[in-house]
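Below is one structure, written out as structure tokens; the observations come after it.
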Amino acid sequence: MKKQRSTKSSANSIVIFLFVLFIFLIISVLFLRSNNSLIGDDAYFINRISHNLLEGKFASDDLSFQGREVLYNLGLPAVILGLSIITKLDTLMISKLLLILFGIISLYLVYLILKHYKLTDIDMTIVLFILILSPSFIYLFTVLTEYSAVVLLSLLGFLLYIKDRRKLSFVVMSLIGLFNLSASILIWFLVFVFLLNKKLLKQNNFVWIWFLVNLIILAIKFMIGHFEWISGWWMITSLDAYISDFGSKFGISIVVLILALFGIVFDFETKKREIIVYILFILLILLSLYFYWAIFILSFFVLLFAFDGTKNLMKRVWENNFLKNFTFFILACSILFSGISYLNVLNKEGPSQNMIDAMNFLNENTLDNSVVFSSIENGNYITGIANRPVVIDKNEWFVFGINRRIDDYGLILDSEDVEETRRLLDSYGVDYILIDKNMKENIWQYDEKGLLFLTKYSKAFKIVFANEDVEIWRYFQE
Amino acid sequence: MLLKKNSAIVLLILIFLFTLAFRLYFALTTDNLGTDDAYLTYRYSEGLVNNIGDFRYDNLSYGGREVLFNPLYYYILGIFSFLMPLLLVLKILPEIFFCLIVLIVYFISYQITRDYMSSLFASLISGFVPFLTKQTINQASVYSLSIPLILFALYSFLKIKTDKKYLYFFIISSIILTLIHQSVFILIIALLFYGMLLFSENMEINKLRNEAMMFAIFIIVLIELILFKDAFLKHGMALIWQNIPSSLLGDYYTNIDILSLVYGVGLIPIVLGCMGIYYGVLKSKRRGILLFSGLMLAIILFLLLRLLDFKSGIMLLGTTLPILASLGIKRTYQYIKLTRLSNYSYIFSILLIIFVTVFSIYPSFVAAKSVKYNSITNEEIDALNWIKDNTDKDSVVLAGIEEGHLITAIADRKNVIDQTFLLVDDAFVRLKDVQFIYFTWSEASALDLLSKYDVDYIYLSQRTKNFYKIDNIIYTSNKVCFEKVKENEKTEIYKVKC
């Protein structure tokens, strides 16, 4: 009995160690960045929207696509604003603290879910170890996006469901729509398929209330904004987008993926998992082709299969113990290496100090209504940090004439006909053009191509700011 | 045909010595190494041993850039340079490594056939695969060590069940191979295909082999992830194609066809290898044959999907087919024994020797002669040494893409482009620009590009002329901007003055 207690306490200490390790990881990414900035452009967009809310702008945006009527997902900006008012801390600091809080709560919810399923201590350790070092989980709680709240609420909803507090579970799930409507619809769809398969729809009427909430929010969005289908809506075509070791923004580690494949083969042979798990898994893979962020949810399924794979490897009778121990040591090292190298990648994510300097230049040296033309990826930085209107950014839904705008954007970048480029820039009232290193590397292969050629040789452009990464050109309209 | 063990061993040693003598003859009767790539090996080996450590930044290639490679092969060659001059190490050691194939193929074939004669024939054929000879002789090629290691790992894998020490041989050879060359992935794929073939034949995989396989997969993935972390992050799955510019990709990843296979591998191993597969896979279901059939299937599939470069693919096929051929040879001997010609089986042996001579040894001889003929000449070395002795240390020298490593290794100067594309951002642009500089008649455009890359000297050899199909560089006739500073029978060097 005494021995059992000591095993239990050592297992608990491992779980506590993993919690501490996770907190340390996210704090190190969030607070040890050289320029102390938030990671990624979404964070600046969300912060800007929370400022808009403070000014009472619920359904309009003055800067995105040069201003328009639109209802964004207001859940996270509202939470940030509320906390900022209560604590009197600025929204950027609140964003960082909120990410840590969301991370801890989500991890604790996972722990409670695992406990509910009566996982042994060693199993719990395996799951938590893989989870906290998985790039998509790290990304969720180091880069401010709406999906951190979506995952937290989904986990809470799931926990309440398995604890038989189903009504409350669906109330929680219904809240997801406030944070991200498309995620809410997608998760609803998955839950619906699950309940349908299990013939549990009748016992869970509340799923329709969730559906109704989604529908209402969608209707309001349509009433406020102008909807136009984007003709060339992209689809993920490369496996790289799913694997963090191959440079994806957030994805799954290659070693965990191999373990998951082992798990799938094993589960399939032993019929360990119900068919619905595979159906949902395949659905998620298909959906993630169009909704990249679905990888966040997909990674939980991968975690499940990877756990099965690891468990199978552990349970089988190994003929050679040395091989067994060494294999597990390598596995642990690989997962650790993958996670740590991902942290390194995250640390190099934008905005760089040079980009922030360029934004500050725009903010301090241009008129409030000066329109800036840059890449789609830079749009949120320009509106969020420089506080200037842009021709195009990533929030492309509910924009009047979006397809034409996207075509014009491509033309401006590619054309070497000064007359044509001037006509287009004039039509959007562009005052400044911002060109950064990423644009040079990804859009033009040569130094003197498209817009780069024109800015260099046409007198309509004059360089007003330059550092190693960013150039800002003043454009003189005709 | 009856052959005793001792006689077989003596014959094997003779085959080994014959192969080695053949290769050393061609390697040592040329003053220099065979190709530009061989000089990259020279430079890395020298650099790694002299700096004793990391060589992640190459200050000469592409004017200075990060490089990633599997370092062990260069360390091994470099360490031997303490015993004799590095040039000699690069000429002798890889040839010895390569000849190990002959021994390993013999032991694998014997493991499969339990027949000395067939194994000896397989061993002889494997030493004289024309394409392998062409690609490895006097070139200090990393394949001269990676191919024997792949075969040794597979041999150890086959013997795991009978002798536990082979488990450790398998593990060690897999780890060494991972540190030597990326072709280690072929090993993983071969093992996976072997597993699939067993599964399709309803055969159980031995537990220990299964464990060894899993271990190998994880350790190889981990080591390669660590070594090539930056390249994986930068190129993703496209790393398979080594960041080779699209205009060159067709040369590296061309489709496989029967003619090139016959020409590269030889008729005998193809015919007898197919017989071996037929008997081994369809009739007797031998595990050894299944393993090497798995390897062959993997290579062919990857060549067809263009996931494996043509050179590596044909080289690996060239060593796999003789092993499979051993079973074909054995079955033919067995068949002859059943006929009235049973007393004349030696005639089959003589015929086989003639066929091997005509279809394997002679084409290898021709291939080796062509390598010798195309080796780097003394005039080229002289011109490159002139650059080393008479130009500023920071000078940038423009050379053709197939001579970039010569500039860095012998002239010790920065180049504009070479054939190592990994981690290079603008390989495609540079390739086009260099081609344009050699082709164009417009002095102004050429000067623009020369100034873009800060080029101080243009190196123009007969090799460059052949590659770009030019007779000279038209605009260099302008003496104001270009001065011919060095000329010999096969090279010219121009100083860029504007």
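Note on naming: letters A, B, ... go to the chains in the order of the sequence lines (proteins, then strands), and numbering restarts at 1 for each one.
- Of the two parts of Ser248(A), neither the backbone nor the side chain holds a non-hydrogen atom closer than 4.5 Å to a non-hydrogen atom of chain B.
- Within a 6.0 Å radius of NZ in Lys272(A), other residues, nucleotides and ligands contribute more than 12 heavy atoms.
- Ranked by heavy-atom pairs under 4.5 Å with chain A, the list Val221(B), Leu225(B), Asp425(B) is led by Leu225(B).
- Residues of residues 312-320 of chain A lying within less than 4.5 angstrom of chain B, judged on heavy atoms, are Leu313(A), Arg316(A), Val317(A), Trp318(A), Glu319(A), Asn320(A) in numerical order.
- Scanning all heavy atoms of the two residues, the minimum distance from Asp240(A) to Ala238(B) falls at OD2-N, 4.4 Å.
- Atom CZ of Phe232(B) is separated from atom CG of Asp245(A) by 8.0 Å, given to the nearest 0.5 angstrom.
- Within 6.0 Å of atom CZ in Phe328(A), more than 12 heavy atoms from other residues, nucleotides or ligands are found, so the atom counts as buried in its surroundings.
- Side-chain contact check for Leu259(A) versus Phe218(B): some heavy-atom pair is nearer than 4.5 Å.
- Using a 4.5 Å cut-off between heavy atoms, Ile330(A) touches chain B through backbone and side chain atoms alike.
- Per-residue counts of heavy-atom pairs under 4.5 Å with chain B were compared for Gly247(A), Cys333(A), Ser338(A); the largest is that of Gly247(A).
- Other residues, nucleotides and ligands contribute over 12 non-hydrogen atoms within 6.0 Å of the NZ atom of Lys207(B).
- Applying the 6.0 Å contact sphere to CZ of Phe329(A) captures no more than 12 heavy atoms from other residues, nucleotides or ligands.
- Of all heavy-atom pairs between Ser244(A) and Leu233(B), the closest is O-CD2, 3.6 Å.
- To the nearest 0.5 angstrom, Ile340(A) atom CD1 is 10.5 Å from Lys229(B) atom NZ.
- Taken to the nearest 0.5 Å, the CE atom of Met214(B) stands 12.5 Å off from the CD1 atom of Ile258(A).
- The neighbour count for Lys437(A) NZ, taken as heavy atoms of other residues, nucleotides or ligands under 6.0 Å away, does not exceed 12.
- Partners of Glu416(A) according to the salt bridge (Lys or Arg N to Asp or Glu O under 4.0 Å) rule, which considers only residues two or more places apart in sequence or in another chain, do not exist here.
- With a threshold of 4.5 angstrom between heavy atoms, Phe228(B) does not approach chain A through any atom at all.
- Heavy atoms closer than 4.5 Å to chain B are found in the side chain of Phe322(A), but not in its backbone.
- Interatomic distance, Ile226(B) CD1 to Ser334(A) OG, rounded to the nearest 0.5 Å: 7.5 Å.
- Counting heavy atoms from C-beta outward, Ile219(B) and Thr327(A) have side chains that stay 4.5 Å or more apart.
- When the candidates Lys234(B), Lys432(B), Lys452(B) are compared by the number of heavy-atom contacts under 4.5 Å with chain A, Lys432(B) comes out ahead.
- From Ile223(B), atom CD1 reaches atom CZ of Phe337(A) across 11.5 Å, with rounding to the nearest 0.5 Å.
- In this structure, CG in Leu239(A) is found 5.0 Å from CE in Met237(B), a value given to the nearest 0.5 Å.
- Only the side chain of Ile254(A) comes within contact range of chain B, with at least one heavy atom under 4.5 Å from a heavy atom of that chain.
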